There are 2 protein chains.
Amino acid sequence: MSKCNGFAKQARVLKALANESRLIIVDRLSRGECTVGDLTELVGSDASTVSKHLALLRAHGIVEDRRAGNLVYYRLLTPCVCKFFSCATQVLEERSR
Amino acid sequence: MSKCNGFAKQARVLKALANESRLIIVDRLSRGECTVGDLTELVGSDASTVSKHLALLRAHGIVEDRRAGNLVYYRLLTPCVCKFFSCATQVLEERSR
DNA sequence: GGCGTATTTGGCCAAATGGCCATATACTGC
DNA sequence: GCAGTATATGGCCATTTGGCCAAATACGCC
């Protein structure tokens, strides 16, 4: 396993999550799979924009998709990313101290 | 406390960490405080660049600085960010599967 | 004060980001 | 095949990012 430059790879993963819309998506998916349409409505951006966010999350191994007829369902592949929420909250509390 | 739009705030925290140089810095600081000079040598970028990274981390409540004479020591304020490393690794493993 | 060292700030610039619109593709049902 | 719905892709553009260099600031020492 490549041990050198692991930070670059890890940075890419973090970057994939470091976006408000994508956090909304991940948070929603942490409670069960849903369709692109559901996520689009939730995020409030253009469907094309949400689709790009999903493609990016998929490319980084964070979500997975499954087509069912006319719909495409996405689900969270690495639930550990939810740890980020609690830590980010803690950082925010630290700052406001 | 503002509960709405918490995702935007969390995204800002993640973004603060989503950079190779800053991950190197955080990883180093997780093993104890050190000076800007130490970090500059470790990261391998210009001192001014490292200083800006540190300012950004400080602005987000992730690190804290302490001046001792001619030197400025930085230390990690929110060690929970280290959780990110293990999760990022897990995501990377998932992708390579 | 003046010099040397450590750190920060400002200016600049190429590259990446994230949004929208328009268009293309995938599927269902007729 | 054609029409309608769901999702993805390409083009475009304003903003942000992250690096370097040069200059400014902070401190210790003589």
Side-chain angles (χ1 to χ4, degrees), chain A residues 5 7-29 32-77 84, chain B residues 5 7-29 33-77:
Chain A
N5 243 350
F7 291 117
K9 292 182 183 176
Q10 295 191 350
R12 265 178 255 134
V13 173
L14 281 180
K15 213 170 171 183
L17 289 160
N19 172 268
E20 179 179 5
S21 300
R22 291 196 290 273
L23 283 186
I24 293 173
I25 290 171
V26 167
D27 178 63
R28 171 61 188 81
L29 293 183
E33 68 172 14
C34 63
T35 70
V36 179
D38 294 339
L39 295 170
T40 298
E41 187 180 9
L42 184 62
V43 169
S45 290
D46 193 86
S48 68
T49 301
V50 172
S51 183
K52 282 177 185 171
H53 283 314
L54 289 167
L56 193 150
L57 290 172
R58 179 162 23 86
H60 284 85
I62 295 167
V63 303
E64 202 176 43
D65 64 325
R66 153 178 91 82
R67 180 174 279 276
N70 219 2
L71 303 172
V72 176
Y73 286 86
Y74 277 83
R75 67 188 184 81
L76 203 54
L77 207 50
F84 291 3
Chain B
N5 243 351
F7 291 116
K9 291 183 184 176
Q10 296 192 349
R12 264 177 256 134
V13 173
L14 280 181
K15 214 169 169 181
L17 289 160
N19 173 268
E20 179 179 4
S21 299
R22 290 195 292 271
L23 284 187
I24 292 173
I25 290 171
V26 166
D27 177 63
R28 171 62 189 81
L29 294 182
E33 70 173 14
C34 62
T35 69
V36 179
D38 294 337
L39 295 171
T40 297
E41 188 180 8
L42 185 62
V43 170
S45 289
D46 193 86
S48 67
T49 301
V50 172
S51 183
K52 282 177 187 172
H53 283 313
L54 289 167
L56 194 150
L57 290 172
R58 179 162 23 87
H60 284 85
I62 296 167
V63 303
E64 202 177 43
D65 64 325
R66 154 178 90 83
R67 179 174 280 274
N70 217 4
L71 305 171
V72 176
Y73 286 87
Y74 277 82
R75 64 187 185 82
L76 203 53
L77 208 50

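Remember, it's a predicted structure, so these values are computed and weren't measured experimentally.
- One interatomic measurement links the two molecules: CZ of R66(B) to C1' of dT7(C), which rounds to 15 Å at whole-angstrom precision.
- For the OP1/OP2 pair of dA16(C) and a distance below 4.0 Å, the side-chain nitrogens and oxygens of K15(A) include no atom meeting the criterion.
- Side chains of K9(A) and V13(A) form no contact here, defined as non-hydrogen atoms less than 4.5 Å apart.
- Using a 4.5 Å heavy-atom threshold, the side chains of L76(A) and I62(A) count as touching.
- Judged as a salt bridge (Lys or Arg N to Asp or Glu O under 4.0 Å), and not counting sequence neighbours, E41(A) has no contacts.
- At least one donor-acceptor pair closer than 3.5 Å links the side chain of R22(B) to the backbone N or O of A16(B).
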Exercise. Please step through side chain to side chain contact (heavy atoms under 4.5 Å, CB included) for the pair S21(B) and V50(B), ending with a clear verdict.
Key: CA-CA 8 Å; S21(B) 299; V50(B) 172; over 6 Å; no
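- When the P atom of dG18(C) is taken as reference, atom CD1 of I25(A) falls 11 Å away, rounded to whole Å.
- Considering all non-hydrogen atoms of both residues, R28(B) and C34(B) come closest at NH2-CB, 3.6 Å.
- Between the CZ atom of F7(B) and the C1' atom of dG18(C) there is a distance of 18 Å, given to the nearest Å.
- Residue Y74(B) is in sugar-phosphate contact alone, with no base atom involved, counting any heavy-atom pair closer than 4.0 Å across all strands shown.
- Nucleotide dA16(C) holds its C1' atom 16 Å from the CD atom of E20(B), rounded to whole Å.
- For D27(B), the salt bridge (Lys or Arg N to Asp or Glu O under 4.0 Å) test picks out R31(B), with sequence neighbours left out.
- Rounded to whole Å, atom C1' of dT17(C) lies 9 Å from atom CG of N19(A).
- Looking at R12(B), its side chain never comes within 3.5 Å of a backbone N or O of L14(B) through a donor-acceptor pair.
- Shown here are the salt bridge (Lys or Arg N to Asp or Glu O under 4.0 Å) partners of D65(B), two or more places apart in sequence or in another chain: R58(B).
- Rounded to whole Å, the distance from CG on L71(B) to C1' on dT5(C) is 9 Å.
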Report, one pair per line, the protein and nucleotides 26-30 of chain C atoms (nitrogen or oxygen only) whose separation is under 3.5 Å.
unit_1: dC27(C); atom_1: O2; unit_2: N70(A); atom_2: OD1; d: 3.4

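- When DNA chain D is scanned in the 5' to 3' direction for atoms under 4.0 Å from non-hydrogen atoms of chain B, the outermost contacting nucleotides are dT16(D) to dG28(D).
- For DNA chain D, the neighbouring residues in residues 37-50 of chain B, judged by any heavy atom under 4.0 Å, are S45(B), D46(B), S48(B), T49(B).
- Side-chain contact between R75(A) and R66(A) is absent, with no heavy atoms from C-beta onward closer than 4.5 Å.
- Shortest non-hydrogen contact noted between L56(A) and H60(A) is O-ND1, 2.9 Å.
- Atom CG of L23(A) and atom C1' of dG18(C) are 14 Å apart (whole Å).
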